[in-house]
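The structure under discussion appears below in the form of structure tokens.
Here the structure is a predicted model, which means the values were calculated and not measured.
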Amino acid sequence: MKQKTWPCKSDSLHFSALPFLRKPNGDSPSSAFTKPAKTHLSFFNSARRTDPPVTSPSASPYLSSDFSALPYDVISRIAASFSMPNLMAASLVCRAWADALKPLREAMVFLKWGKRFKHGRGGVKANLSKALDSFLKGAARGSTLAMVDAGLIYWEMGKREEGILWYRRAAELGDPAGQCNLAISCLQANPSNTKEALEWLYRASFTGHVRAQYQLALCLHQGRVTGQSLQEAARWYLRAAEGGYVRAMYNTSLCYLMGEGLVQSHRQARKWMKRAADHGHSKAQFEHGLGLFSEGDMMKAVVYLELATRAGERAAAHVKNVILQQLSATSRDRAILLADTWRALPSSR
């Protein structure tokens with residue numbers, strides 16, 4: 001895969017807590033709760049005096065919460081971004097939830113078929129038109145996962161306005177992927193809407209969405225924010241790297257190497273460079289190979305430089321050929337065999 005150099009330009013209904021606790025009209029807010037019992041110790045008498053017992057929560061109309069009484073549309077909004085396992089678990093809460101979540105369970109079926117048609121899996125041929133139709137049916141049933149996939153297809157078809165519409169619907173329902181894609185769309189608009197993009201990136205980043213964390217770090221690093229902080233950018237790079245985002249691993253390594261936003265540490269820089277290389281980042285493979293070469297580890301250096309060469313890093317080929325001339329035929333064959341059998345570690349892209 002071909003990655004962009006650092007830093008580079010971006011390439012690519014929240015609702016508040018439900019008021020389960022109700023307070024009676026005319027009373028102060030504190031009257032909705034019963035104070036706990038107090039136990040007093042007399043200095044002259046060791047006998048304990050206890051206040052009247054507290055009314056149990058189940059007996060109080062203000063502390064009881066019947067989740068089965070939630071409106072169906074509220075339940076559907078809460079579960080709009082649920083994956084299939086979470087959706088099935090939520091359907092087991094009670095009969096009312098099972099009935100309310102039936103459309104979303106149906107949406108998961110359409111989502112599954114949409115992915116099959118999009119990628120040509122499961123015994124069907126790739127067909128973007130059928131994939132889009134399946135995603136739209138899933139989106140109509142309230143699934144934000146289907147909304148995001150529908151937006152992606154519209155975007156690939158060049159219908160960006162329709163794609164942004166579905167991204168926004170998913171984002172407003174709290175879907176982190178929808179929020180991230182909408183933010184990137186705002187950054188790529190002409191003119192770009194950096195303010196709105198940052199709002200969505202922050203929302204998605206705080207939920208742990210690693211791609212949003214990386215994009216947010218890029219915005220901060222590139223100076224898209226007035227009074228940007230390199231320290232904050234580096235922290236978001238690091239969080240995304242720890243979450244498995246390969247490009248963030250590479251940029252985190254550079255932050256440690258240059259001391260930008262993070263305390264300079266060659267050991268940490270080397271660690272994150274190797275991690276990025278092992279996850280398939282071609283520039284990281286090239287630079288890690290150079291590091292191994294400078295340390296005299298010729299065999300491993302050839303392996304990483306060969307991987308970088310195959311990924312399109314032309315400069316790596318020259319260095320690799322120089323090293324190969326210094327190795328025996330057996331060592332050369334061994335290094336190439338290691339490169340042939342190498343597999344990238346799984347990542348979040």
Side-chain angles (χ1 to χ4, degrees), residues 1-6 8 10-12 81-88 108 111-112 114-116 118-122 126 131 144-146 148-149 152 156 175-181 184 201 204-218 234-256 267-289 291-292 300-313 316 335-349:
M1 65 183 186
K2 187 174 182 180
Q3 296 81 13
K4 294 187 177 180
T5 56
W6 122 309
C8 58
S10 169
D11 56 352
S12 23
S81 60
F82 281 12
S83 61
M84 189 58 164
N86 291 336
L87 194 59
M88 295 306 295
M108 291 296 102
L111 181 66
K112 181 178 180 180
K115 290 185 179 297
R116 286 182 176 180
K118 182 178 180 179
H119 302 290
R121 299 171 182 168
T144 61
L145 305 180
V148 172
D149 278 327
L152 283 170
E156 293 171 1
D175 188 279
Q179 293 169 346
C180 180
N181 288 3
I184 293 174
L201 285 176
S205 296
F206 282 123
T207 68
H209 193 276
V210 292
R211 188 183 180 211
Q213 292 171 346
Y214 173 73
Q215 293 293 337
L216 176 58
L218 278 180
R235 286 197 299 270
W236 284 116
Y237 279 139
L238 182 58
R239 288 183 65 174
E242 291 172 341
Y245 202 77
V246 181
R247 296 183 184 183
M249 295 178 190
Y250 179 73
N251 283 12
T252 297
S253 174
L254 295 180
C255 284
Y256 275 118
R267 184 178 65 85
Q268 288 292 329
R270 178 187 173 87
K271 181 185 81 170
W272 283 110
M273 189 66 74
K274 184 179 186 305
R275 286 191 183 182
D278 289 340
H279 284 81
H281 194 288
S282 61
K283 289 185 179 298
Q285 290 169 342
F286 178 31
E287 295 189 29
H288 185 57
L292 292 169
K300 289 183 179 180
V302 168
V303 174
Y304 281 100
L305 291 170
E306 174 66 18
L307 293 173
T309 301
R310 295 179 183 184
E313 297 294 332
I336 299 302
L337 178 62
L338 289 173
D340 290 338
T341 57
W342 178 87
R343 294 293 181 272
L345 296 175
S347 66
S348 302
R349 298 183 63 187

Of the non-hydrogen atoms in Leu145 and Ser83, which two are nearest, and what is the gap between them? CD1-CA, 4.1 Å
Minimal heavy-atom distance between Gly244 and Ser347, with the atoms involved, is O-CB, 3.5 Å
Please report the interatomic distance CZ(Arg247) to CD(Gln215), rounded to the nearest 0.5 Å. 8.0 Å
To check you understand the geometry: which heavy-atom pair defines the closest contact between Pro176 and Ala204, and what is its length? O-CB, 3.6 Å
Full working for side-chain contact (heavy atoms from CB on, under 4.5 Å) between Asn251 and Tyr245: CA-CA 10 Å; Asn251 283 12; Tyr245 202 77; over 6 Å; no
Of all heavy-atom pairs between Ser81 and Asp175, which one has the smallest distance, and what is that distance? CB-OD2, 3.7 Å
Got a second to check how far Glu242's CD is from Trp272's CH2, nearest 0.5 Å? 5.0 Å
Test your reading of the model: is there a side-chain donor-acceptor pair from Gln213 to the backbone of Trp236, 3.5 Å cut-off? no
dist Ser205:OG -> Gln179:CD (nearest 0.5 Å) comes out at 9.5 Å
Qualifying residues under side chain to side chain donor-acceptor pair (under 3.5 Å), relative to Glu287, sequence neighbours excluded: Tyr250
Name the residue from His281, Arg270, Met249 that meets the side chain to side chain contact (heavy atoms under 4.5 Å, CB included) definition with Arg275. Met249
Nearest 0.5 Å, please: how far is CD in Glu313 from CG in Leu307? 11.5 Å
Apply the test side-chain contact (heavy atoms from CB on, under 4.5 Å) to residues Arg239 and Arg235: give CA-CA distance (whole Å), side-chain angles for both, the deciding distance (0.1 Å), then the verdict. CA-CA 6 Å; Arg239 288 183 65 174; Arg235 286 197 299 270; 5.6 Å; no
Less than 4.5 Å apart, side chain to side chain, heavy atoms only: is that true for Leu152 and Lys118? yes
Do Leu111 and Met84 touch side chain to side chain, with heavy atoms closer than 4.5 Å? no
Are Asn181 and Arg211 close enough, and set up right, to give a side-chain contact (heavy atoms from CB on, under 4.5 Å), and what steps lead you there? CA-CA 9 Å; Asn181 288 3; Arg211 188 183 180 211; 3.0 Å; yes
When the ring planes of Tyr304 and His288 are compared, do they come out parallel, tilted or perpendicular, using 30° and 60° as the limits? perpendicular
Ala335 and Val302: which non-hydrogen atoms are nearest, and at how many Å? CB-CG1, 3.6 Å
Are any side-chain N or O atoms of His279 and backbone N or O atoms of Pro346, one a donor and one an acceptor, separated by less than 3.5 Å? yes
State whether the number of non-hydrogen atoms from other residues, nucleotides or ligands found under 6.0 Å of Lys300 atom NZ is greater than 12. no
In the structure I gave you, are the side-chain heavy atoms of Leu218 and Tyr237 within less than 4.5 Å of one another anywhere? yes
Nearest 0.5 angstrom please: Ser282 OG to Arg310 CZ, how far? 14.0 Å
Which residues share a ring pair (Phe, Tyr, Trp, His ring centres under 6.0 Å) with His209, sequence neighbours left out: none
